[in-house]
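Let me begin by presenting the structure, written as structure tokens, before commenting on it.
All chains are named by letter (A, B, ...) in the order of the sequence lines, taking the proteins before the strands, and each is independently numbered beginning at 1.
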Amino acid sequence: MSSQKPTAYPVARLLLDLRRQGVQTIQRTSGVALVCPRHVRTLELQSRVQVNALALADLLQGLHVTLHLGIPEDAWWRHLEQVAGTGTKPTAARAAVATVLAGKPMLPDTLDEPPAMIPETEPVAVDVETIGGVASDHRVPLPWVDPSELVCVGFSIANCRFAFPASDRANIQRFLGTSNPKVFHNAIYDLVWLLDAAFEIRGSVHDTLWSRAFENGAGVHGLKVTGTFTYAVHLPEKTPDLAKVLTYCANDARNTLSLFNPTSPWCSHPLYRLYQRMAPRVAAISRTGLPFFRDRVEARYAEAVARVAWLDAALGQIARINWRSADQVAHVLEEALPNRWTPGGQRVVDDAALRECEHPAAAVLLEKREVDKVVGTYLRPFLQRDRVCGLITLNAARTGRTSSRYTNLQNIPRSLRTLFGKAGHDWVKLDFAAAELVVAAVVAECSSLLAWFREGKDPHAETAARIFHKPSLSVTAEERAVGKTLNFSLCYGGTARTIVQRATSYGLAFSLPEAATFRTAWFAAFPEMTAWQAETMRQLEDGEPIRSPFGRMWTIPPHSSHERNMALNAPIQSTASDLLLLAADAIWDVLPGPVVNLVHDEVDVLIPKGTWDEAQWRDIARRMAGVDARFPMRVEVAVGPDWGATVEQFVEGVSV
DNA sequence: ATGGGAAGCGCC
DNA sequence: TGGGCGCTTCCCAT
């Protein structure tokens, strides 16, 4: 491939070409659906995912494809090249699209008679249709988003497909309430709605996406080839025709059923079982959301808005530009900025650059950014409802971490956490201490790190002691911070440069050669880490999949340093998050209050004031820490009147 | 008017 | 040339 930048082939142009070739494209809130009237496949692409050329190949061969058009344009270009040959021009792409074939018959838009009797082991596929959401913000309909509404629930059993409007509660409950396995396609979403409508689901929960997530680390936003669909029509937005919605819903349930493979070994895998138990619980957390103190949020909001006005006035004295625009800021600060450039060829004006900048506007702009973020991303959206809800998903991250969307409950600033809580209740925080480092020590079989964890020592301080050649008791706070920086950076492929950057964010300063010395010393102190990283690189080069201790797999092409570092990180991060989910499962039924949030290595619980019982929580924390004997986890337990005011009570776990 | 990409920043 | 997420704003193309 020549180094010359290829001619752009915009997504909209591709869609237009597809449409010309008789491919039906329908705009939906969640993206654009491309519908070909022939067999059938669903895939979704998103920017952070390494997509497979097969995806577009399938599309161009006339499969039924759903694309989330979040991928960068050059990614589309690479696919086009791979599919239609190097140097593909739009005309060649059009020629490839021309291979789209006219279709075979699909399922008709009619409903079957619901069966009177269902054999007990027969899987029942369930699909929910909803309407509403905020299209401009890509927010799908959710119970807490107004306007949003449950329209109908569809079912598919064996060769039968049928649906009921949401008002027909008796019939919906009749089929949800059987002991048959219930099959969903991205279950959390349907579960949130069914839970909100107070339906009771009996039988085990299955999801057609889980096995794929375990097998190749595909998130819901990632590449998702889900198999053969027999009904490939998509529902137009805002259709007033209930009959049409019902048939669509039933046919989609049918599609879901066709994707379900009950004989897959994954269906009996411990992680799959875990997801079956956790999915309804996570849906419940999503629906409940975080309670907050409205008066506090309003006060903080007013304060922040006033501060923004003051800062804007101050900046206006310096230059009358849009200080949110990186381009305009770069133009004003010019020579005062450090000589760094973004991948897109623009001057870097991020916070780190501003801190190095002598210009009088820099300090003011830093504060403006901070307050702007707090107002725009957090406080203003919070005030729109009486609680803060986000859709927590089990399989959006390739590593198996949970994530939270449509308000992210996992990145709320520490400074705002004191706004969350409930009158008459206390907030209990259960937190895995240094979870990823423990997992890394186990996976790499690092004897010294493991010994420290087993003995309950502070690993960062011990690391610092090794690096600075002094007794661990005389390690200073700054030296410990260096140790922490090294531990987190070097496990996953960090360089001397990244160590310096990280250290700067901790308020430490040292030179590149110093960082290089620390790096060498770290690998010398932990020879098993060196060996483990080398072994992972060998697997990558040999094309072997990367595996986690719990059996997740990732096939990663070793093309770039990013992918090599991903291979180092994925099994560690995923194991740490699986441990938290396993721990949450282990303690769920003995918790004295509802779980209100999950933040990667933290579980948050609300309890009525005055019911704190240390012995009870010690027991809970012990169960949590001992969830898997291979991993010497420690759990920190804190309690307080709100999320931000929790105070650590004790630590439970190995050697405590 | 609308949507995608880039930059930036919040968290673990 | 640590990883993993999601959200907002600006800018530009359609």
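- Within the 4.0 angstrom heavy-atom criterion, no nucleotide atom of any strand lies near A:Arg497.
- Residue A:Ser404 is in sugar-phosphate contact alone, with no base atom involved, counting any heavy-atom pair closer than 4.0 Å across all strands shown.
- Here the P atom of nucleotide B:dG8 and the CD atom of A:Glu367 are 20 Å apart, to the nearest Å.
- Here the C1' atom of nucleotide B:dG8 and the CZ atom of A:Arg340 are 14 Å apart, to the nearest Å.
- Note on A:Val374: nothing from the nucleic acid sits closer than 4.0 angstrom, heavy atoms only.
- Separating the CG atom of A:Asp372 from the C1' atom of C:dT9 is a distance of 10 Å, rounded to the nearest angstrom.
- Checking C:dG4, C:dG6, B:dA7 against every side-chain atom of A:Ala397, the shortest atom distance belongs to C:dG4.
- Side chain of A:Asn597 to backbone of A:Leu409: a donor-acceptor contact under 3.5 angstrom is found.
- Judged by distance alone, the side chains of A:Trp522 and A:Asn487 do bring a donor and an acceptor atom under 3.5 Å apart.
- Between A:Gln328 and C:dC11, a side-chain N or O to OP1/OP2 separation shorter than 4.0 Å is present.
- In this structure, A:Asp351 atom CG and B:dG10 atom P are separated by 6 Å, rounded to whole Å.
- Using modelled atom types and a 3.5 Å distance limit, the side chains of A:Thr402 and A:Gln410 yield a donor-acceptor pair.
- Side-chain proximity of A:Arg324 to C:dG6, C:dC10, B:dG8: nearest is C:dC10.
- Judged by atom type and distance alone, A:Arg369 does not reach the base of B:dC9 through any side-chain donor-acceptor pair under 3.5 Å.
- Comparing B:dA7, C:dG6, C:dG3 by their nearest atom to the side chain of A:Lys373 picks out C:dG6.
- Between the side chain of A:Asn408 and the base of C:dG6, no donor-acceptor pair of N or O atoms lies under 3.5 Å.
- Pairing for C:dG3 is with B:dC12, a Watson-Crick or G-U wobble pair whose two hydrogen-bonding atom distances lie under 3.5 Å.
- Listed candidates were C:dC11, C:dG6, C:dG3. Nearest to the side chain of A:Asn565 is C:dG3.
- Closest to the side chain of A:Val599, out of C:dT8, B:dG8, B:dC12, is B:dC12.
- For the pair A:His600 NE2 and C:dC5 P, the interatomic distance rounds to 10 Å; values are reported in whole Å.
- For A:Arg417 and B:dC12, the shortest distance from a side-chain N or O to OP1 or OP2 is below 4.0 Å.
- Between the side chain of A:Arg405 and the base of C:dG6, no donor-acceptor pair under 3.5 Å is found.
- Side-chain proximity of A:Met566 to the nucleotides B:dC11, C:dG6, C:dG4 is greatest for C:dG4.
- Both A:Thr399 and A:Tyr406 sit near DNA chain C, but only A:Thr399 has its closest nucleotide nearer the 5' end.
- Atom CH2 in A:Trp323 sits roughly 15 Å away from atom P in B:dG8 (whole-Å rounding).
- Regarding A:Leu391, its CG atom lies at a distance of 10 Å from the P atom of C:dC7, rounded to whole Å.
- Using a 4.0 Å cut-off between a side-chain N of Lys or Arg and a carboxylate O of Asp or Glu, A:Asp372 and A:Arg324 qualify as a salt bridge.
- No engagement by A:Leu568 is indicated, since no non-hydrogen atom pair under 4.0 Å with the nucleic acid exists.
- If you check every strand for non-hydrogen atoms under 4.0 Å, A:Ser577 touches nothing.
- For A:Asp146 and A:Trp144, the side-chain atoms include no donor-acceptor pair closer than 3.5 Å.
- Atom-to-atom, CG of A:Leu365 to P of B:dA7 comes out at 17 Å; the value is rounded to the nearest Å.
- One finds a side-chain N or O of A:Asn322 lying less than 4.0 angstrom from the OP1 or OP2 phosphate oxygen of C:dC10.
- Closest to the side chain of A:Pro381, from the set B:dG8, C:dC10, C:dT8, is C:dT8.
- Of the candidate nucleotides B:dA7, B:dC9, C:dG3, B:dC9 has the atom nearest to the side chain of A:Asp350.
- The side chain of A:Ser325 approaches C:dC10 more closely than any other nucleotide in the set C:dC10, B:dG10, C:dG6.
- Two residues are said to be in side-chain contact when any heavy atoms from C-beta on lie closer than 4.5 Å; A:Gln573 and A:Tyr492 fail this criterion.
- Listed nucleotides: C:dC7, C:dT1, B:dG8. Nearest to the side chain of A:Thr377: C:dC7.
- Counting only N and O atoms by type, the side chains of A:Thr536 and A:Gln539 include no donor and acceptor under 3.5 Å apart.
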